[in-house]
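All of these numbers come straight from a predicted model, not from anything done at the bench.
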Amino acid sequence: MFYLIIGILILLYYIFAVPESIKPTFHAVTAILLLVIFLILLVLATFRIFQLPTEYFIGALLLGLGWLAYKDLKKMPIRKKKS
């Protein structure tokens, strides 16, 4: 809760009181903070995905293998029957 209040205060300072010469620095810091938050959420999502049962991973592997087999079958030449 403390960090939320500090974040709101910094945001209000940025909106109302920051001089124009400092705003590009705040843009860079904001971009880096957003990137760090995104990376943290990505790692947490990855941990969450690996908690799924093994059957999901096997099913995804088989789907990928089936798609590759279908792609190879589409590349095969069609033989004409000799009559």
Side-chain angles (χ1 to χ4, degrees):
M1 191 68 180
F2 173 75
Y3 291 112
L4 180 65
I5 294 170
I6 295 296
I8 290 171
L9 289 174
I10 290 172
L11 180 66
L12 290 173
Y13 174 72
Y14 173 70
I15 291 172
F16 296 112
V18 172
E20 288 297 322
S21 62
I22 299 177
K23 279 198 178 184
T25 305
F26 272 107
H27 288 296
V29 170
T30 304
I32 290 171
L33 282 174
L34 288 175
L35 181 66
V36 167
I37 289 171
F38 176 74
L39 289 175
I40 289 171
L41 289 176
L42 184 69
V43 168
L44 290 174
T46 304
F47 287 150
R48 182 72 177 177
I49 286 172
F50 284 121
Q51 290 178 352
L52 290 173
T54 311
E55 289 85 8
Y56 289 111
F57 296 111
I58 293 172
L61 180 70
L62 288 175
L63 270 171
L65 190 62
W67 181 71
L68 289 174
Y70 177 73
K71 220 168 77 169
D72 283 341
L73 284 173
K74 292 287 282 185
K75 288 181 184 177
M76 289 181 65
I78 298 173
R79 291 188 185 174
K80 294 183 179 178
K81 292 184 181 181
K82 293 182 182 179
S83 31

Cluster overlap L39 with L41, hydrophobic side-chain contacts below 4.5 Å: no
Residue pair L61 / F57, side-chain heavy-atom distance below 4.5 Å: no
Could you measure the distance from the CZ atom of F47 to the CG atom of L42? Nearest 0.5 Å is fine. 10.5 Å
Non-hydrogen side-chain atoms of F2 and I6 separated by less than 4.5 Å: yes
Are L35 and I37 connected into the same hydrophobic cluster when the rule is that any two of I, L, V, M, F, W, Y join if their side-chain heavy atoms are below 4.5 Å apart? no
How long is the straight-line distance from NZ of K71 back to CH2 of W67, given to the nearest 0.5 Å? 4.0 Å
Supply the atom-to-atom distance L11 CG to F16 CZ, rounded to the nearest 0.5 angstrom. 8.5 Å
Report whether L52 and I58 are members of the same hydrophobic cluster (ILVMFWY, side-chain heavy atoms less than 4.5 Å apart, transitive linking). no
OG1 of T25 to NE2 of H27: how many Å apart, nearest 0.5 Å? 9.5 Å
Is it the case that one hydrophobic cluster holds both F50 and L44, taking links as side-chain heavy atoms less than 4.5 Å apart, direct or via other members? no
If you group Ile, Leu, Val, Met, Phe, Trp and Tyr by side-chain heavy-atom gaps below 4.5 Å, do I8 and M1 land in one group? yes
